[in-house]
**Q** 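Starting off with a structure, shown below.
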Amino acid sequence: MKRIFSGIQPTGEIHIGNYLGAIQNWASLIDDYDCIYCIVDYHAITIDFDPGMMQSRIMETAIINIACGLDPDRCSLFVQSHVPEHTELTWIFNCITPIGELERMTQFKDKSKQHRHNINIGLLDYPALQAADILLYKAHFVPVGEDQFQHVELTREIARKFNRRFGETFPEPQVLPPDTPRILGLDGKKKMSKSMNNYVGLTEPEDEIWEKLRTAVTDEARKRRTDPGNPDRCNIFTIHTGFKSREDLEAIDRDCREAAIGCVDHKRILYDDMMAHLAPIRSRVRELRENVDYVKEALEKSARRCREIAVEVMDEVRAKTGIRPVN
Ligand code: TRP
């Protein structure tokens, strides 16, 4: 079986953009690939963070991912810092990665602007740690969204460079892009994100979800209820495609264009479809929160399995770089 690796930051609150754009896709891959999914706590500390919140965020991230279908019996889900080889391999990669390559990463440039007071080495080095995550398991595919393509491309360059310098070791991993449309935030403009506060959280109370949808931006050209709408320009319609097939949305598409339904009517339908889809996930989250020991054990079991692979690859890396004697 080909191997897949992907990572998610332990931000705690996970929104429908994360779910539709990443986690749902990850869950659909677990029976066809050897899937390794990682909660990347060392990446999370490259920007300001609250140490007192770290453990609860890691647990909440694990709980939601398991509830969304990352069944610990059918894939690996573990915490990055539980496998110390990630940072060890990062150091080796640091020594073959030009600073210039890291400085031109768009995520680094964006985050440097957002966090002017805290532009630390870890923020710059973030992609080297990400390359180590992926290559430590010699993963073939990396399911990520567009904003991470550049990091995967750099990972391929690091793999090539290592192989050239020290001998064939790492496969060049490929991006596995999601086939879902890009979900914008409730403002209908920026990508849905926690930091922009334009999101619908997966586990938020129902009345708050409705309130967020009710006030969300739709087709801005549609000023009055009697104006015809354009679903192609409506983020509410795009979000709806995440919860219902295009075919099932045909009637809404038509009614919107003919002004037979208004935006709030459509939001009601989206709300009902979304809550029906999320109901089993939300109830599983509630169960898992009552069963934290099960979640901890699942994370530890995955870490043990991943560590076995990591130790072996790191041993090979040490031998090839001359860091350990070759018998
Ligand atoms: N940088 C990724 C993000 O912010 C998270 C991540 C860390 C990751 N390590 C990874 C994704 C390895 C894919 C593979 O979304």
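From a predicted model like this one, the values you see are computed outputs, not experimental measurements. First listed ligand is number 1; within each ligand, the first listed atom is number 1.
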**Q** Any idea which heavy atoms bring Ile39 and Ile58 closest together, and the distance?
**A** CD1-O, 4.0 Å
**Q** Less than 3.5 Å apart, any donor N or O on the side chain of Thr106 or Gln150 sitting next to an acceptor on the other?
**A** yes
**Q** Ignoring hydrogens and geometry beyond distance, is a side-chain donor-acceptor pair present between Asp147 and Gln107 at under 3.5 Å?
**A** no
**Q** Got the residues with a heavy atom under 4.0 Å of ligand 1, by chain and number?
**A** Phe5, Ser6, Gly7, Gln9, Val40, His43, Tyr126, Gln130, Asp133, Ile134, Val142, Val144, Gln148
**Q** So is Lys212 actually on top of Tyr271's ring, under 6.0 Å and inside 45° of the axis?
**A** no
**Q** Strictly by modelled atom types, are Asp48 and His115 linked by a side-chain donor-acceptor pair under 3.5 Å?
**A** no
**Q** Are His86 and Tyr137 near enough that their ring centres are under 6.0 Å apart?
**A** yes
